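Below is one structure, written out as structure tokens; the observations come after it.
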Amino acid sequence: NFQYMEEKNIKMALNDNKAGMEGLDRDKINKIIMESSKGSKFYENEVKREQQVNQRIDKMMLQKEQITEQHLKKAQAQVARMVVELEKRRDLTRVIVHVDMDAFYAAVEMRDCPELKDKPMAVGSMSMLSTSNYHARKYGVRAAMPGFIAKKLCPNLVIVPTNFDKYRAVSSEIREIFADYDPNFMPMSLDEAYLDFTEHLEKRQSWPDSLRTHHYRASSNPKGIAPNMMLAKVCSDKNKPNGQYRLPSTREAVMEFVCNLPVRKVSGIGKVSEKLLNALGISSCSHLGQKMALLSLLFSETAWHHFLQVSLGLGSAFIPRHEERKSMSTERTFKEMSAAEEQLSLCRELCEDLANDLKKEGLKGKTVTLKLKNVNFEVKTRALTLSYPVATADEIFAVAKDLLKTERDNESPQPLRLRLMGNQIKQFN
DNA sequence: GCGGATCAC
DNA sequence: AATGGTGATCCGC
């Protein structure tokens with residue numbers, strides 16, 4: 001039964017969306033992953049979440065049944081008007097670059113330990129991997145996979161512990177180079193950034209040979225070059241692991257490019273959105289355009305406006321100024337913890353860590369949120385907004401401990417069997 | 001304002 | 001034996 005297969009397999013199955021995963025024995029890999037996962041609490045929770053998504057799809061399909069030709073006609077007219085407006089504002093004059101260091105952490109580790117270059121290798125731990133090199137990817141080993149499963153796929157896999165300080169150091173060298181091309185570049189993580197090349201090109205009239213630095217030869221850095229951020233991001237994925245892809249700044253080139261683009265490649269359309277769209281017969285961005293009237297009736301305004309822009313190959317043609325942070329948090333996973341005293345002292349510790357981080361940036365916030373994940377991987381958050389901003393460990397803990405107590409009382413006489421606890425603070429001044 | 005969900009990295 | 005941490009946003013109360 002197809003429905004059953006889908007439900008049982010999709011979440012856990014190998015994610016071969018990434019580069020370097022072509023032509024491997026997918027069935028064999030999926031079988032190993034499934035065998036290592038089945039029966040675990042984690043797996044059970046994934047199945048549950050999968051079912052929730054399926055229910056969402058059922059609900060959406062029912063809604064779809066209620067839609068009349070009349071509705072669609074009206075929606076189509078509204079979509080058409082919106083398209084005219086959006087086309088008027090289409091901007092093809094900017095040159096936006098997305099740079100993404102390939103297998104960044106793995107590349108840094110291989111630079112520092114050349115013997116690793118010829119071996120399958122990943123960065124992380126037996127519990128979780130951050131990234132893997134291309135040798136390892138041949139075996140199906142990838143980011144966000146627990147190391148113990150990766151070891152089953154590839155017994156010779158070398159797992160190197162993460163060394164964030166090192167990656168930060170390399171990252172800051174790379175960022176200096178970025179700044180030469182665009183002082184207002186937007187870092188997305190240690191290894192990824194958007195740059196506006198327009199002015200650089202006007203001055204220099206030429207492309208740099210490479211954004212590679214002398215200190216960082218270990219990894220290529222694919223670039224995507226396009227008239228806006230949405231397209232640049234997709235383009236940088238195109239010619240991995242090497243080289244770059246430039247999308248010409250014409251409407252025709254953009255529309256043709258977008259036509260065959262799978263929706264999942266677009267930033268902002270994740271696993272769930274993809275599944276919802278697939279249920280409506282939408283897998284590529286051209287389908288997205290064809291079914292826009294329907295989408296406008298089934299999705300929220302923000303969602304379908306985003307879909308519409310994507311289907312037209314539109315995105316931000318300028319790189320927004322870096323926003324101030326809106327929240328700060330600390331969370332930690334640990335082995336099962338049920339005792340009240342233990343949970344309280346951990347909670348205090350987290351509050352102290354958070355207070356330290358807040359102090360570094362001189363921030364105070366009014367909303368304190370406690371996050372809990374039980375041993376079944378179920379996540380809960382409990383928040384309280386004060387009338388005044390707080391910042392010290394004592395102040396935060398005073399709120400967090402009450403939220404925790406309420407949850408414990410709620411569960412009693414059963415204990416709270418936790419595997420994660422976290423504190424967050426927001427509503428800064 | 002709150003809590004769950006989704007998404008990116 | 002073992003499935004992360006941080007930040008943002010959206011939706012439906």
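Throughout, a chain's letter reflects where its sequence line sits, starting with A, and its residues are numbered from 1. Here the structure is a predicted model, which means the values were calculated and not measured.
- Of all nucleotides listed (dG1(B), dC11(C), dA8(C)), dC11(C) comes nearest to the side chain of Ser300(A).
- Distances shorter than 4.0 Å separate none of the side-chain N or O atoms of Lys48(A) from OP1 or OP2 on dA5(B).
- Met145(A) comes within 4.0 angstrom of nothing in the nucleic acid, heavy atoms only.
- Taking the centre of each ring, Tyr194(A) and Phe185(A) stay at or above the 6.0 Å mark.
- For Met128(A), the side-chain atoms get nearest to dT3(C) when compared with the rest of dC9(B), dT6(B), dT3(C).
- The side chain of Lys371(A) approaches dT6(C) more closely than any other nucleotide in the set dT6(C), dA5(B), dC2(B).
- Distance from the side chain of Arg419(A) is smallest for dA2(C) among the nucleotides dC9(B), dT6(C), dA2(C).
- The nearest whole Å value for the distance from the CG atom in Leu153(A) to the P atom in dT3(C) is 17 Å.
- Dashed line: the shortest gap from a side-chain N or O of Gln52(A) to OP1 or OP2 of dG4(B) is not under 4.0 Å.
- Annotation: Arg175(A), atom CZ; neighbour count of heavy atoms from other residues, nucleotides and ligands within 6.0 Å is above 12.
- Under the 30°/60° scheme for interplanar angles, the aromatic rings of Tyr105(A) and Tyr167(A) are found to lie parallel.
- For the atom pair Ser171(A) OG and Asp165(A) CG, the distance stands at 12.5 Å (nearest 0.5 Å).
- For Arg264(A), the side-chain atoms get nearest to dA8(B) when compared with the rest of dG5(C), dA8(B), dT9(C).
- The side chain of Lys335(A) contributes no N or O atom lying less than 4.0 Å from OP1 or OP2 of dA2(C).
- An OP1 or OP2 oxygen of dT6(C) is reached within less than 4.0 angstrom by no side-chain nitrogen or oxygen of Gln424(A).
- Residue whose closest nucleotide on DNA chain B sits further toward the 5' end, between Arg56(A) and Ser189(A): Arg56(A).
- If you measure from atom CG of Asp357(A) to atom C1' of dG7(C), you get 13 Å, rounded to the nearest angstrom.
- With dT6(C), dT6(B), dC7(B) as the candidates, the nucleotide lying closest to the side chain of Arg49(A) is dT6(B).
- Between dA8(B), dG7(C), dT3(C), one nucleotide has an atom nearer to the side chain of Ser267(A) than all others, and that is dA8(B).
- For dC10(C), the OP1/OP2 oxygens have no side-chain nitrogen or oxygen of Thr302(A) closer than 4.0 Å.
- For Phe42(A), counting side-chain heavy atoms from C-beta on, the closest listed nucleotide (dA5(B), dT3(C), dA8(C)) is dT3(C).
- Checked against dG7(C), dT3(C), dC9(B), the side chain of Pro146(A) finds its nearest nucleotide in dT3(C).
- Applying the 3.5 Å distance criterion, the base of dT6(B) shares no donor-acceptor pair with the side chain of Ser273(A).
- For Asp191(A), whose side chain is taken as the heavy atoms from C-beta onward, the closest listed nucleotide among dC9(B), dA8(B), dA8(C) is dC9(B).
- For dA8(C), the OP1/OP2 oxygens have a side-chain nitrogen or oxygen of Ser327(A) closer than 4.0 Å.
- If you check residues 375-384 of chain A against DNA chain B, the residues with a heavy atom closer than 4.0 Å are Lys380(A), Thr381(A), Arg382(A), Ala383(A), Leu384(A), listed by number.
- Atom NZ of Lys166(A) sits in a crowded spot, with more than 12 heavy atoms from other residues, nucleotides or ligands closer than 6.0 Å.
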